[in-house]
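Data block below; observations after.
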Number of protein chains: 2
Amino acid sequence: MLKLSRLADYAIVILVKLGEQDGVVTSPALAAITGVPEPTVAKVLKVLSAHGFVLSQRGAKGGYRLARSLADMSVASVIAAVDGEIALTACVGGRECDTGLSCGLCGSWDVINTAIRSTLEGISLESMRPKEACSTVLAQINKLNATQTVREGA
Amino acid sequence: MLKLSRLADYAIVILVKLGEQDGVVTSPALAAITGVPEPTVAKVLKVLSAHGFVLSQRGAKGGYRLARSLADMSVASVIAAVDGEIALTACVGGRECDTGLSCGLCGSWDVINTAIRSTLEGISLESMRPKEACSTVLAQINKLNATQTVREGA
DNA sequence: TAATTAAAGACCTGAATGGTCCTGTTTCGG
DNA sequence: CCGAAACAGGACCATTCAGGTCTTTAATTA
């Protein structure tokens with residue numbers, strides 16, 4: 001299915017919502033806004049804080065706020081922070097497959113990984129915000145498809 | 001991590017290897033070639049057969065062979081056959097998020113899903129074969145990156 | 001100093017994936 | 001005609017890991 005982990009999903013939602021608030025926001029408040037369970041929100045925020053996406057302020061009247069603008073955060077970077085490196089398969093960077101498969105495809109996998117990574121790096125959290133930005137991204141996709149000519153099958 | 005399931009990984013390796021043989025090949029033989037455990041190979045081949053990627057021949061002297069050329073199989077189609085639809089997150093096609101998140105980002109996710117899908121559809125199994133085809137795909141990636149200008153963050 | 005809130009980490013649970021096996025059914029060879 | 005070989009199609013188990021909870025500690029403010 002090639003699906004994203006839910007934590008990464010949450011992380012993106014949380015960041016976007018956090019960007020729409022002003023001042024510091026507590027994790028319970030963000031939980032209320034997003035509908036994500038509070039402990040999970042806290043967990044995600046810790047990770048995001050550790051990776052420099054948000055700034056935390058401890059103590060009374062503490063909370064979180066964005067470390068930089070949404071436009072300066074790519075979807076890829078958030079996913080990488082929460083879930084680790086984006087890699088579709090075990091054999092990455094020329095390392096041998098763990099199972100010792102004689103697949104000989106390791107290099108080719110890297111190509112795919114790079115393609116996916118580039119795609120996600122090209123999408124900022126700013127463009128994830130509802131409505132307005134969608135058309136922009138859609139235009140990108142169309143241009144992207146026009147470029148894609150390697151081949152397609154049924 | 002956004003990683004591919006191992007079954008889909010195997011499926012691609014098996015198809016590529018199958019394409020390099022001539023005549024029908026038994027699943028034990030493919031297991032030997034790929035290094036994947038035989039029962040697993042058999043399982044994957046059944047799925048691939050059901051989805052029309054390979055043709056099976058039953059009985060003694062039976063085995064499998066490709067239903068069409070590797071160039072006519074996209075990475076995306078194989079993944080979709082083995083793992084189901086490619087979708088990075090729960091909210092797809094405008095459906096509400098199952099958790100009832102008030103994320104309001106559902107539409108934006110679709111954009112990402114489409115982008116990933118297009119990328120993988122642009123890569124054929126033929127181009128997964130070692131060596132020769134890599135340069136071609138790499139050129140694609142570069143062109144693709146040049147097109148991507150939405151924005152990128154740290 | 002007391003209350004509030006984030007930081008950090010241990011820990012539990014459950015779903016889902018990967019992997020195995022078993023029982024047909026078909027086809028070829030003797 | 002019979003047996004072996006090989007696919008078909010399940011059921012089934014086991015392991016992993018993500019997701020979520022709880023507890024303790026530390027910092028900040030009133």
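In what follows, chains are A, B, ... by sequence order, proteins preceding strands, each numbered from 1.
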Measure from the side-chain N and O atoms of A/Thr34 to the backbone N and O of A/Leu30, and report whether any donor-acceptor pair falls under 3.5 Å. yes
Keeping A/Ser49 on the side-chain end and A/Leu45 on the backbone end, is there a donor-acceptor pair under 3.5 Å? no
Roughly how far, to the nearest 0.5 Å, is CD1 of B/Ile79 from CG of B/Leu7? 12.0 Å
Does a side-chain N or O from A/Tyr10 land closer than 4.0 Å to OP1 or OP2 of D/dG20, or not? yes
Return no unless some side-chain N or O of B/Ser49 is found under 4.0 Å from OP1 or OP2 of D/dC7. no
Provide, to the nearest angstrom, the distance between the [atom1] atom belonging to [X] and the [atom2] atom belonging to [N].
X       : N      : atom1 : atom2 : result
A/Arg6  : D/dC17 : CZ    : P     : 18 Å
B/Lys46 : C/dG19 : NZ    : P     : 15 Å
B/Ile14 : C/dG19 : CD1   : P     : 11 Å
A/Leu45 : D/dT21 : CG    : C1'   : 16 Å
A/Leu48 : C/dA6  : CG    : C1'   : 14 Å
A/Leu55 : C/dA6  : CG    : P     : 14 Å
A/Glu38 : D/dG20 : CD    : C1'   : 11 Å
B/Leu4  : C/dG18 : CG    : C1'   : 14 Å

When you check the side-chain N and O atoms of B/Thr119 and A/Thr119, is any donor under 3.5 Å from an acceptor? yes
Give every pair of a protein N or O atom and an N or O atom of nucleotides 11-13 of chain C that lie under 3.5 Å apart, one pair per line with the distance.
none

Please, which pairs that meet side chain to side chain donor-acceptor pair (under 3.5 Å) have at least one residue in residues 35-46 of chain A, sequence neighbours excluded? A/Ser27-A/Glu38
Of B/Leu66, B/Leu70, B/Leu18, the residue whose pairing with B/Leu125 passes side-chain contact (heavy atoms from CB on, under 4.5 Å): B/Leu70
Test applied, side-chain contact (heavy atoms from CB on, under 4.5 Å); reference residue, A/Arg65; option that passes from A/Val24, A/Val54, A/Asp22: A/Val24
Close N or O pairs between protein and nucleotides 2-6 of chain D (under 3.5 Å):
| from | atom 1 | to | atom 2 | distance (Å) |
| --- | --- | --- | --- | --- |
| D/dA5 | N3 | B/Ala60 | N | 3.4 |
| D/dA6 | O4' | B/Gly59 | O | 3.2 |

In terms of side-chain heavy atoms of A/Ser56, which of C/dG18, C/dT20, C/dA6 is nearest? C/dA6
Minimal heavy-atom distance between A/Ser74 and A/Ser77, with the atoms involved, is O-OG, 2.7 Å
Scan B/Pro37 against the nucleic acid and name what it touches under 4.0 Å (heavy atoms): base, sugar-phosphate only, or nothing. sugar-phosphate
Output all residues satisfying side-chain contact (heavy atoms from CB on, under 4.5 Å) with A/Arg58, sequence neighbours left out; order by chain, then residue number. none
